[in-house]
Amino acid sequence: MPLYANNPDRKSWLHVDKNSDFPIQNIPFGVFLTRDDVITIGTRIGDTAIDLGALHQLGYFIDIPLTDDIFLQDTLNDFIADGRKTWRAVRNRIAQIFDSNDKTLKENKSHKEIVLFRLDEIEMQLPVQIGDFTDFYSSMVHATNVGSMFRSTENPLLPNWLHIPVGYHGRSSSIIPSGIPVNRPQGQTLPEGSDTPVFGPSKSVDFELEMGFITTVANDLGEPIPIEEAEEHIFGLVLLNDWSARDIQKWEYAPLGPFLAKNFATSISPWIVTLDALEPYRVDGPKPIKPQLDYLTIKGKRSFDINLEVAIRPTGAKETVVCKSNFKHLYWSMAQQLAHHTVNGCPVNSGDLMGTGTISGPTPDSYGSMLELTWKGEKPIKMKDGSERSFLNDNDTVIMRGFCEKDGTRIGFGEVSTKLLPVFTK
């Protein structure tokens, strides 16, 4: 089915600012609470939210095989489970309905009053019920930086890193949408020069600039997903901040990796941008340094040119952009990550979330974490208000943004914005 929705010449009859992340070529999917306290599945064009549940009930998807309640649910899981053919048909239809040349809804005032919402009339929700969360470690710059800090500058990468997309199983219960604050975590740390741990608040709370992809029902137990089919099972992407407590992590990560240092919170942006919408922005990823096994080998452009940035906003002050990176720096692609994840027969379900791992670029200002930007806190970053940060302070707000731009068309993700609160107290 052709990608009619991606037509760069298409204009909408809804107002769209020139630099909006959400032109009619985007058509992301999300879940929101309406002014009438109804939760619905929707999309967004410009600064207008669109109730897809109401649009479906009014007959605008009449010839697309959808269940009556597909958009009347509080998660996108069932819609995602319908597969790429359905996603594409719905997205194409939305593009047609809101095309400047289509008058069907444009001139129906009563329908527009039911379907359209201003952004200040809605409250975004977590878009999917996330059953499983896997976090990869796929930026070679990030892995090299961390290896240099904690192991060896001569051999910073572990022997397996250039052969497999390294990952670990995270915690889905603490994944939250943009706007929900996070408390500073507590745990065990090992003071410098001591051999006895202490308990208390983390002194090294950090962000990790990542993206996450959402999967559909992809395979049965025991059935690997071939790499050439992997992208067919990826619905779309979100911005992802995988919060980290570096001092807790340093003490606990051997031998099994991060635990309490990572599972206290993961924040994601609320709009899922489909892989179809990102199609025009495909690029080559880094060339393999070592030969890759057949099940991980694939041809073609498997990365995307997505500009990313991180800003920190202290209380009552202007934000300071501390990092500018790009998705294309990832050494291991999403297709490789998903193929590796399932090569042993591990089943993947609708709504599962896969994090890319920290996306660090080749220059110091493109490092995707405070750990790297300040080099373990040894080189503090100055904020616009004159204060300095080695790691995050209480009441700092971390804001991540991402967008693609080509030939005058911009496709973006909005932002994931999260405030770090002090340690939780009753």
Side-chain angles (χ1 to χ4, degrees), residues 1 3 5-6 21-22 25-32 40-44 50 52 61 64-67 70-71 73-95 124-136 172 175 177 210-219 225 227-240 266 268-282 302-304 306 327 333-339 341-342 346-356 402 404 411-414 416:
M1 182 185 299
L3 286 171
N6 287 11
D21 280 353
F22 302 99
Q25 290 80 11
N26 191 337
I27 310 179
F29 292 89
V31 175
F32 56 80
T40 187
I41 289 171
T43 187
R44 174 178 175 179
I50 300 160
L52 295 181
F61 299 115
I64 299 175
L66 300 169
T67 59
I70 193 71
F71 297 127
Q73 303 181 38
D74 56 6
T75 75
L76 279 157
N77 292 58
D78 283 356
F79 176 64
I80 293 172
D82 272 359
R84 182 177 293 275
K85 184 178 179 181
T86 297
W87 315 333
R88 189 169 291 183
V90 167
R91 193 166 159 270
N92 283 344
R93 177 59 52 81
I94 294 168
M124 298 303 299
Q125 309 292 303
L126 201 65
V128 289
Q129 182 177 348
I130 300 166
D132 280 300
F133 170 43
T134 302
D135 194 35
F136 287 94
S172 59
I175 298 173
E210 302 191 25
M211 296 200 75
F213 64 90
I214 311 289
T215 66
T216 184
V217 179
N219 60 324
I225 298 175
I227 191 166
E228 60 272 11
E229 298 176 12
E231 287 187 357
E232 289 298 308
H233 303 293
I234 297 174
F235 176 62
L237 282 76
V238 293
L239 300 169
L240 189 152
T266 300
I268 65 172
S269 53
W271 293 107
I272 304 174
V273 177
T274 63
L275 217 57
D276 277 352
L278 298 173
E279 191 64 33
Y281 307 97
R282 284 187 180 272
R302 297 297 167 176
S303 192
F304 297 88
I306 306 173
F327 184 89
S333 71
M334 293 184 290
Q336 290 172 316
Q337 291 166 354
L338 189 54
H341 197 311
T342 62
C346 174
V348 171
N349 297 312
S350 178
D352 284 355
L353 177 66
M354 312 279 176
T356 60
C404 310
I411 300 293
F413 295 79
V416 52

Among L353, V416, V128, find the one that has a side chain to side chain contact (heavy atoms under 4.5 Å, CB included) with I268. L353
Side chains of F327 and L237: closer than 4.5 Å at any heavy-atom pair? yes
V348 and L338, any side-chain heavy atoms less than 4.5 Å apart: yes
Looking at every heavy atom in both E231 and R84, which two are closest together, and how far apart are they? O-NH2, 2.6 Å
Check whether the ring centres of F413 and W271 lie less than 6.0 Å apart, and answer yes or no. no
Any side-chain heavy-atom pair of I175 and L126 under 4.5 Å: yes
Working to the nearest 0.5 Å, report the span between CD1 of I214 and CG of L76. 9.0 Å
For G30 and P127, work out which heavy atoms get closest and say how close. CA-CB, 4.4 Å
I'd like to know if the side chain of R91 pairs up with that of N26 as donor and acceptor (distance under 3.5 Å, no hydrogens or angles considered). no
To the nearest 0.5 angstrom, please state how far the CG atom of D74 sits from the OG1 atom of T40. 10.5 Å
Side chains of F29 and I80: closer than 4.5 Å at any heavy-atom pair? no
Do N77 and T75 pair up side chain to side chain, a donor and an acceptor below 3.5 Å, judged on atom types alone? yes
Distance, nearest 0.5 Å, that separates OG1 of T356 from CD of Q337: 6.5 Å
D78 side chain vs I70 backbone, donor-acceptor pair below 3.5 Å: no
One should read off an interatomic distance between I41 CD1 and Q125 CD, to the nearest 0.5 angstrom, of 12.0 Å
Does any non-hydrogen side-chain atom of M354 lie less than 4.5 Å from one of D132? no
Run the side-chain contact (heavy atoms from CB on, under 4.5 Å) test on L240 and T266 for me, step by step, so that the C-alpha distance in whole Å, both residues' side-chain angles and the decisive distance to 0.1 Å come before the verdict. CA-CA 7 Å; L240 189 152; T266 300; 3.7 Å; yes
Look at the side chain of Q336 and the backbone N and O of S333, then say whether any donor-acceptor pair between them is shorter than 3.5 Å. yes
So do the side chains of L275 and M334 get within less than 4.5 Å of each other, counting heavy atoms only? yes
Rounded to the nearest 0.5 Å, what's the gap from CZ on F32 to CD1 on I50? Could you check? 8.5 Å
For a 4.5 angstrom cut-off between non-hydrogen side-chain atoms, does L52 reach F61? yes
Look at the side chain of S350 and the backbone N and O of V217, then say whether any donor-acceptor pair between them is shorter than 3.5 Å. no
F213 ring center near F235 ring center (under 6.0 Å): no
Under the criterion side-chain contact (heavy atoms from CB on, under 4.5 Å), I'd like the reasoning laid out for V31 against M124: C-alpha separation, chi angles, the key distance, then a yes or no. CA-CA 6 Å; V31 175; M124 298 303 299; over 6 Å; no
Closest non-hydrogen contact found for N219 with C346 is ND2-O, 3.0 Å
Taking all non-hydrogen atoms of both residues, which atom of S269 and which atom of L239 are closest, and how far apart? OG-N, 2.8 Å
Do side-chain atoms of D352 reach the backbone of N349 as a donor and acceptor pair under 3.5 angstrom? yes
What's the shortest heavy-atom distance between E279 and R282, and which atoms? OE2-NE, 2.8 Å
For the CZ atom of R93 and the CD1 atom of I27, what is their distance to the nearest 0.5 Å? 12.0 Å
Short question: side chain of N6, backbone of D276 - any donor-acceptor pair under 3.5 Å? yes
Intermediate values then yes/no, side-chain contact (heavy atoms from CB on, under 4.5 Å), F79 and T86: CA-CA 8 Å; F79 176 64; T86 297; 3.8 Å; yes
Tightest non-hydrogen contact, residues S172 and G131, listed as OG-O, 3.5 Å
Hey, are the side chains of E210 and F136 touching, using non-hydrogen atoms and a 4.5 Å cut-off? no
